[in-house]
Enquirer: 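Below: one structure in structure tokens.
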Amino acid sequence: SQMFREAFNELLMEAARSLVNIGCNIWNSCADVALYILGRTPSGLKPEAWQFVTGSIYPIFLAIGTALMSLFFIIGFLRSSIDIRHTLTLENTLMLFVRLIIANAFMVSILTWLPMMFNWAANLVGAIAGTSGSRMAALGTLSADSILGETTVTGLGGIPSLIIALFFLVLVTVSGFLIVLTVFKRIFNLYLIIPLAPLAFSTIAGGQGITNTAYAYIKTFLTICFECVLIAIVLAIGGYFIGAGGMFNGQYADALTNAENAILLNPNNAEAHAVRGWAIGMQGNYLDAQTAFNRAKELNPNLALAYAYQ
């Protein structure tokens with residue numbers, strides 16, 4: 001019967017709302033975890049791991065890098081002195097020692113300016129998230145009401161809405177966990193790339209060609225370090241765009257309001273009754289929709305719109 005159909009539709013819509021609500025909670029939880037990690041430096045997130053990397057692993061690579069720096073300096077000197085009369089000028093000799101000094105300065109101060117970069121990245125994440133803690137700013141928080149609207153039914157009908165809600169749940173769950181995995185991967189890469197810094201910066205002493213390794217390291221480090229800013233931007237505005245999209249809302253409420261306003265101006269407006277029936281029916285209220293269609297056909301039996309919407 002019609003009443004059973006409406007009750008079943010209501011049940012499906014409530015199930016869809018529950019699924020969307022679960023999806024929103026999963027997304028918000030994953031975003032909270034991601035922003036919590038992104039807003040902290042490697043030393044602040046896991047002090048024990050930072051101490052192990054900088055206190056146990058880094059000194060070994062620093063010793064190797066120091067030896068390599070001397071080796072690269074000799075290689076650079078030999079390259080410049082192949083033809084002493086033409087290439088080993090005072091300018092070239094000074095450049096050899098300048099590169100050596102620069103390489104040594106980088107290697108000595110690595111554990112000073114790397115944490116400085118981490119702090120800058122964490123501060124940018126905090127500014128984007130709009131919080132001083134781990135919670136997301138309201139801009140990026142998903143809620144079932146922002147997606148479904150305030151009504152308990154939608155214009156898609158029970159079964160289509162349930163299917164879309166399931167798709168939404170799977171989508172946000174997978175996306176949320178992928179973001180969390182990406183954030184953990186970034187932290188792992190930062191711990192991994194820190195000990196390699198002495199090896200990379202030792203190549204500065206070698207001059208042209210060899211120095212490209214140091215440039216590539218700097219580029220890679222900056223990419224990994226400030227990747228958190230891009231992730232924070234996605235989290236901050238992603239929820240807003242998903243919620244603002246009104247996945248299930250449609251424009252049925254606006255159509256209903258306009259149709260009822262037209263009926264108030266002219267109760268015998270058959271077209272307005274037909275549009276009202278369509279808007280009500282798309283929101284799941286089939287009994288009232290049928291009444292509106294019947295009224296439209298009474299006013300104008302030849303109104304194709306009433307038959308088409310019905």
Side-chain angles (χ1 to χ4, degrees), residues 31-70 72-73 97-137 140 179-207 210-236:
D32 280 342
V33 172
L35 285 178
Y36 176 85
I37 297 173
L38 293 175
R40 280 156 178 78
T41 62
S43 59
L45 180 64
K46 197 69 175 177
E48 300 84 0
W50 175 260
Q51 183 61 37
F52 175 74
V53 171
T54 58
S56 301
I57 299 179
Y58 177 80
I60 299 174
F61 283 85
L62 180 61
I64 298 174
T66 302
L68 288 176
M69 181 176 63
S70 301
F72 289 134
F73 174 77
F97 284 97
V98 167
R99 289 196 297 264
L100 180 62
I101 294 172
I102 293 175
N104 183 71
F106 268 107
M107 295 179 65
V108 169
S109 61
I110 286 174
L111 291 184
T112 300
W113 61 266
L114 284 186
M116 187 184 304
M117 293 289 185
F118 297 149
N119 285 328
W120 289 350
N123 291 337
L124 284 174
V125 170
I128 293 171
T131 64
S132 57
S134 64
R135 297 296 301 175
M136 289 187 66
I179 289 176
V180 172
L181 288 177
T182 301
V183 170
F184 276 109
K185 179 183 176 182
R186 171 183 173 270
I187 292 295
F188 176 78
N189 288 337
L190 287 177
Y191 284 131
L192 182 65
I193 202 172
I194 290 171
L196 299 178
L199 305 182
F201 289 122
S202 66
T203 61
I204 296 177
I210 301 177
T211 312
N212 291 339
T213 302
Y215 296 151
Y217 176 88
I218 294 174
K219 181 180 178 180
T220 302
F221 170 79
L222 292 177
T223 300
I224 297 175
C225 181
F226 289 96
E227 180 185 18
C228 60
V229 178
L230 179 61
I231 297 175
I233 292 175
V234 172
L235 290 175

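Numbers here simply count residues along the sequence, with the first being 1.
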Enquirer: How long is the straight-line distance from CE of Met117 back to CD1 of Ile224, given to the nearest 0.5 Å?
Expert: 13.5 Å
Enquirer: Determine the minimum heavy-atom distance between Ala205 and Ala103, stating which atoms define it.
Expert: N-CB, 3.9 Å
Enquirer: If you measure from OG1 on Thr66 to CG on Leu199, what distance do you get to the nearest 0.5 Å?
Expert: 9.5 Å
Enquirer: Compute the ring centroids of Phe201 and Phe72, then answer whether they are less than 6.0 Å apart.
Expert: no
Enquirer: If we only count heavy atoms from C-beta on, is the Phe61 to Ile110 side-chain gap below 4.5 Å?
Expert: no
Enquirer: Of all the heavy-atom pairs spanning Val125 and Cys228, show the shortest one and how long it is.
Expert: CG2-SG, 3.6 Å
Enquirer: Looking at every non-hydrogen atom in both residues, tell me the closest pair between Ile102 and Ile204 and how far apart they are.
Expert: CG2-CG2, 4.1 Å
Enquirer: Please name all residues satisfying ring pair (Phe, Tyr, Trp, His ring centres under 6.0 Å) with Phe73, sequence neighbours left out, ordered by chain then number.
Expert: Phe97
Enquirer: Test of understanding: with side-chain contact (heavy atoms from CB on, under 4.5 Å), list the residues that count as partners of Met116, not counting sequence neighbours.
Expert: Trp120
Enquirer: Just by modelled atom types, is the Leu100 backbone N or O under 3.5 Å from a matching donor or acceptor in the Asn104 side chain?
Expert: no
Enquirer: In Å and rounded to the nearest 0.5 Å, what is the CG to CZ distance from Leu196 to Phe221?
Expert: 12.0 Å
Enquirer: Tell me the closest heavy-atom pair linking Thr54 and Pro59, and the distance in Å.
Expert: O-CD, 3.4 Å
Enquirer: May I have the step-by-step check of side-chain contact (heavy atoms from CB on, under 4.5 Å) for Phe118 and Ile194, ending in yes or no?
Expert: CA-CA 11 Å; Phe118 297 149; Ile194 290 171; 3.9 Å; yes
Enquirer: Distance from Leu111 atom CG to Ser43 atom OG, nearest 0.5 Å?
Expert: 11.0 Å
Enquirer: Measuring from Leu124:CG to Leu38:CG, what's the distance to the nearest 0.5 Å?
Expert: 11.5 Å
Enquirer: What are the two closest non-hydrogen atoms of Thr203 and Ala214, and how far apart are they?
Expert: OG1-N, 3.4 Å
Enquirer: Please answer whether the main-chain N or O of Pro198 pairs with a side-chain N or O of Tyr58 as donor and acceptor at a distance below 3.5 Å.
Expert: no
Enquirer: Identify the two heavy atoms, one from Met69 and one from Ser202, that lie closest to each other, and give their separation to 0.1 Å.
Expert: N-CB, 3.7 Å
Enquirer: Can you tell me how far the CG atom of Leu181 sits from the CZ atom of Phe188, to the nearest 0.5 Å?
Expert: 13.5 Å
Enquirer: Would you say the side chain of Lys46 lies within less than 4.5 Å of the side chain of Trp50, judging by non-hydrogen atoms?
Expert: no
Enquirer: Side-chain contact test, heavy atoms from C-beta onward, threshold under 4.5 Å: evaluate it for Ile37 versus Arg186 and give yes or no.
Expert: no
Enquirer: Considering residues at least two apart in sequence or located in another chain, which fulfil the side chain to side chain donor-acceptor pair (under 3.5 Å) criterion with Ser70?
Expert: none
Enquirer: Counting only N and O atoms by type, is there a donor-acceptor contact under 3.5 Å from the side chain of Arg40 to the main-chain atoms of Ala122?
Expert: no
Enquirer: Main chain of Thr112, side chain of Ser109: is a donor-acceptor contact present, judged purely on distance under 3.5 Å?
Expert: no
Enquirer: Is it the case that more than 12 heavy atoms not belonging to Phe226 sit under 6.0 Å from its CZ atom?
Expert: yes
